[in-house]
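If you're wondering where the values come from, they're calculated on a predicted model, not measured in any experiment.
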Amino acid sequence: MTAPFRRAASKVVTTEALKEICDTARGAGQTVAFANGCFDLLHVGHTRYLQGARAEGDLLVVGINADASVRKLKGPNRPLQNEQDRALLVAALHVVDFVVVFHEDTVDNLLLALKPGVHCKGTDYTPETVPERETVKSYGGRVAIVGDPKDHNTSTILKQRAR
């Protein structure tokens with residue numbers, strides 16, 4: 001196993017370990033930023049979203065939908081890559097500090113466990129349409145809309161390739 005792969009693998013952690021990491025960061029006065037998604041086929045829109053999320057905090061945590069969750073959201077032929085591979089790909093990005101795979105249908109429970117200062121969503125949302133906004137408000141966090149216009153998505157890329 002090469003050194004970069006080992007470094008990426010060490011950034012993929014459990015919710016319990018991440019809770020401790022986030023508590024320590026907050027205790028040190030750092031802002032924890034949180035982003036989430038399927039990240040099924042990593043593309044430039046994902047990297048711009050994660051760069052924007054990173055700019056919102058001192059520490060960037062990324063939640064990756066588990067395989068069963070992706071199937072519910074995207075259909076029976078997805079994900080294209082399993083959750084471990086998707087987590088490692090995202091963890092390999094230098095802007096990402098930690099990655100956690102979540103198995104629930106929403107990130108509400110993960111947000112309540114980690115209590116990030118900023119919950120980052122892509123530009124396909126507005127602050128008013130972020131599904132988790134009330135959860136974030138309940139512990140005193142804020143929502144940030146980050147990234148470039150939603151011109152990239154895996155479904156469109158797959159349809160273009162099929163032509």
Side-chain angles (χ1 to χ4, degrees), residues 8 10-66 69-70 72-74 78-79 81 83 85-157:
S10 70
K11 292 166 59 173
V12 180
V13 297
T14 66
T15 300
E16 294 76 26
L18 195 49
K19 183 180 181 326
E20 189 173 317
I21 290 165
C22 291
D23 288 347
T24 300
R26 272 193 311 279
Q30 294 181 315
T31 299
V32 177
F34 179 87
N36 68 283
C38 298
F39 300 97
D40 195 11
L41 181 62
L42 198 58
H43 54 70
V44 70
H46 289 135
T47 59
R48 291 176 180 153
Y49 165 55
L50 294 173
Q51 287 171 330
R54 175 65 177 164
E56 294 291 329
D58 303 301
L59 187 74
L60 176 58
V61 173
V62 179
I64 304 283
N65 292 73
S69 173
V70 176
K72 284 183 186 177
L73 291 168
K74 306 293 183 177
R78 303 275 295 276
Q81 303 178 83
E83 61 198 46
D85 289 350
R86 291 182 287 117
L88 282 172
L89 284 169
V90 171
L93 299 173
H94 76 277
V95 297
V96 174
D97 293 299
F98 294 99
V99 173
V100 62
V101 175
F102 66 96
H103 297 271
E104 296 85 7
D105 290 340
T106 71
V107 293
D108 290 294
N109 288 336
L110 189 55
L111 289 167
L112 289 170
L114 304 179
K115 295 180 177 59
V118 187
H119 177 41
C120 302
K121 295 298 269 188
T123 57
D124 47 334
Y125 291 92
T126 67
E128 296 76 31
T129 63
V130 171
E132 307 86 10
R133 72 185 179 284
E134 293 303 319
T135 299
V136 175
K137 284 171 50 176
S138 77
Y139 63 80
R142 69 178 176 88
V143 169
I145 305 301
V146 300
D148 62 353
K150 182 83 176 199
D151 294 334
H152 311 88
N153 68 61
T154 300
S155 297
T156 301
I157 292 170

For residues [X] and [Y], report the shortest heavy-atom separation together with the two atoms involved.
X	Y	answer
Leu73	Cys38	CD1-SG, 4.1 Å
Asp58	Gly29	OD2-O, 4.3 Å
Ala91	Lys11	O-NZ, 2.6 Å
Ala66	His103	CB-ND1, 3.3 Å
Val90	Ile64	CG2-CD1, 3.8 Å
Ser138	Leu112	OG-CD2, 3.8 Å

- Test side chain to side chain contact (heavy atoms under 4.5 Å, CB included) applied to Val70 and Arg86, step by step: CA-CA 11 Å; Val70 176; Arg86 291 182 287 117; 3.7 Å; yes
- Message: Determine whether Val32 and Leu114 satisfy the following criterion, side chain to side chain contact (heavy atoms under 4.5 Å, CB included), listing intermediate values before the conclusion.
- Response: CA-CA 9 Å; Val32 177; Leu114 304 179; over 6 Å; no
- Message: Among Val61, Leu110, Leu111, Leu59, which residue satisfies the side-chain contact (heavy atoms from CB on, under 4.5 Å) criterion with Pro116?
- Response: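 Checked Val61, Leu110, Leu111, Leu59 against Pro116; only one passes side-chain contact (heavy atoms from CB on, under 4.5 Å): Leu111.
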- Message: Is any side-chain heavy atom of Leu50 closer than 4.5 Å to one of Phe39?
- Response: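 Answer yes - side chains close enough.
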- Note, Lys121 side chain near Asn36 side chain (heavy atom, < 4.5 Å):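 Of all side-chain heavy-atom pairs linking Asn36 with Lys121, at least one is under 4.5 Å.
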Inter-residue atom distance [X].[atom1] - [Y].[atom2], 0.5 Å rounding:
X	Y	atom1	atom2	value
Arg142	Cys120	CZ	SG	7.5 Å
Thr47	Gln51	OG1	CD	5.0 Å
Thr24	Gln30	OG1	CD	9.5 Å
Asp23	Leu18	CG	CG	9.5 Å

- Message: Applying side chain to side chain contact (heavy atoms under 4.5 Å, CB included) to Val143 and Tyr125, what does each step give before you reach the verdict?
- Response: CA-CA 10 Å; Val143 169; Tyr125 291 92; over 6 Å; no
Could you tell me whether [X] and [Y] have a side-chain N and a carboxylate O separated by less than 4.0 Å?
X	Y	answer
Lys74	Asp40	no
Asp97	Arg54	yes
Lys137	Glu134	yes

- Message: Check the orientation of Phe34 and His119. Use parallel for under 30°, tilted for 30 to 60°, and perpendicular for over 60°.
- Response: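 Tilted: the ring planes of Phe34 and His119 meet at 30° to 60°.
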- Please assess Thr135 against Val107 for the test side chain to side chain contact (heavy atoms under 4.5 Å, CB included), listing each intermediate value before the final yes or no. CA-CA 9 Å; Thr135 299; Val107 293; over 6 Å; no
- Message: For the CD atom on Glu104, are there more than 12 heavy atoms of other groups (residues, nucleotides or ligands in this structure) within a distance under 6.0 Å?
- Response: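 Atom CD in Glu104 is crowded, with more than 12 foreign heavy atoms closer than 6.0 Å.
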